[in-house]
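When reading the values below, keep in mind they use all heavy atoms of this one structure, side chains included, and skip hydrogens, waters and symmetry mates.
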Amino acid sequence: MSTYLPSLAGGLLIGLSAISYLILTGRIAGISGIVGRLAEGSLPWLNGAFVLGLVLGPLVYLAVTGAWPQVTITASLPLAVVAGLLVGIGSRMGSGCTSGHGVLGLARLSPRSMVAVVTFLTAGIVTVTILRGSL
């Protein structure tokens, strides 16, 4: 049971931050949108605080647990960079990323987000299947 507590705490904090961002700005807290608005200079303190919180999250985890969060990345650095760029381009084209559509759009029962999440999942499954030669 205790292994679920960090996930539960993380989910509660994501929900709390998303609700706070919605109340303060009237906007959905999608990471790509926040980073985009920060780059444009819109609400720099609020958007900057949100991004800073993302960056400082592992440090808070370290302070609370005494260990770094375990992250395993099996892709090469060039593949991770290309994948990151494609996700960024796709999120701008889709008017949101997985966090905005998946976490908040689905919670709001947004039809656009439902289509976006199904598209994200399908594209991810097809890509992994092709890259790992599982066909």
Side-chain angles (χ1 to χ4, degrees):
M1 180 66 177
S2 65
T3 58
Y4 297 107
L5 290 178
S7 301
L8 177 62
L12 290 172
L13 290 173
I14 288 171
L16 179 63
S17 65
I19 290 170
S20 300
Y21 193 82
L22 181 63
I23 290 171
L24 291 172
T25 67
R27 300 196 68 132
I28 299 300
I31 304 306
S32 60
I34 290 173
V35 172
R37 286 189 289 276
L38 180 63
E40 294 169 355
S42 174
L43 298 171
W45 288 103
L46 186 59
N47 291 320
F50 203 101
V51 172
L52 185 63
L54 292 173
V55 173
L56 294 178
L59 294 174
V60 172
Y61 184 90
L62 175 64
V64 171
T65 66
W68 288 101
Q70 290 185 343
V71 177
T72 304
I73 300 173
T74 58
S76 66
L77 181 60
L79 181 60
V81 169
V82 170
L85 288 173
L86 289 174
V87 168
I89 292 168
S91 68
R92 295 307 282 180
M93 291 174 62
S95 299
C97 60
T98 52
S99 61
H101 284 297
V103 175
L104 298 164
L106 291 182
R108 295 173 53 237
L109 302 177
S110 164
R112 183 176 76 165
S113 293
M114 291 179 194
V115 171
V117 169
V118 168
T119 303
F120 296 152
L121 291 174
T122 303
I125 290 168
V126 169
T127 301
V128 168
T129 302
I130 291 171
L131 289 178
R132 295 199 176 165
S134 300
L135 288 177

Phe120 backbone acceptor or donor facing His101 side chain under 3.5 Å: no

Sidechain-backbone polar pair: Thr122 side chain, Thr119 backbone, donor-acceptor under 3.5 Å: no

CG (Leu59) with more than 12 external heavy atoms under 6.0 Å: yes

Side chain to side chain donor-acceptor pair (under 3.5 Å) contacts touching residues 71-80 (sequence neighbours left out): none

Pairs where residues 12-21 contributes a residue and the test side chain to side chain donor-acceptor pair (under 3.5 Å) is met, not counting sequence neighbours: Tyr21-Arg37, Tyr21-Asn47

Does [X] share a hydrophobic cluster with [Y], counting links as ILVMFWY side-chain heavy atoms below 4.5 Å and allowing steps through other members?
X	Y	value
Leu62	Leu56	yes
Leu24	Val51	yes
Leu12	Tyr61	no
Val35	Leu85	no
Val103	Val117	no

Intermediate values then yes/no, side-chain contact (heavy atoms from CB on, under 4.5 Å), Arg108 and Ile28: CA-CA 10 Å; Arg108 295 173 53 237; Ile28 299 300; 3.6 Å; yes

Separation between CD1 of Ile34 and OG1 of Thr25, rounded to the nearest 0.5 Å: 7.5 Å

Residue pair Ser113 / Leu106: nearest heavy atoms and the distance that separates them: CB-N, 4.0 Å

Distance-minimising heavy-atom pair for Ile31 and Cys97: N-SG, 3.7 Å

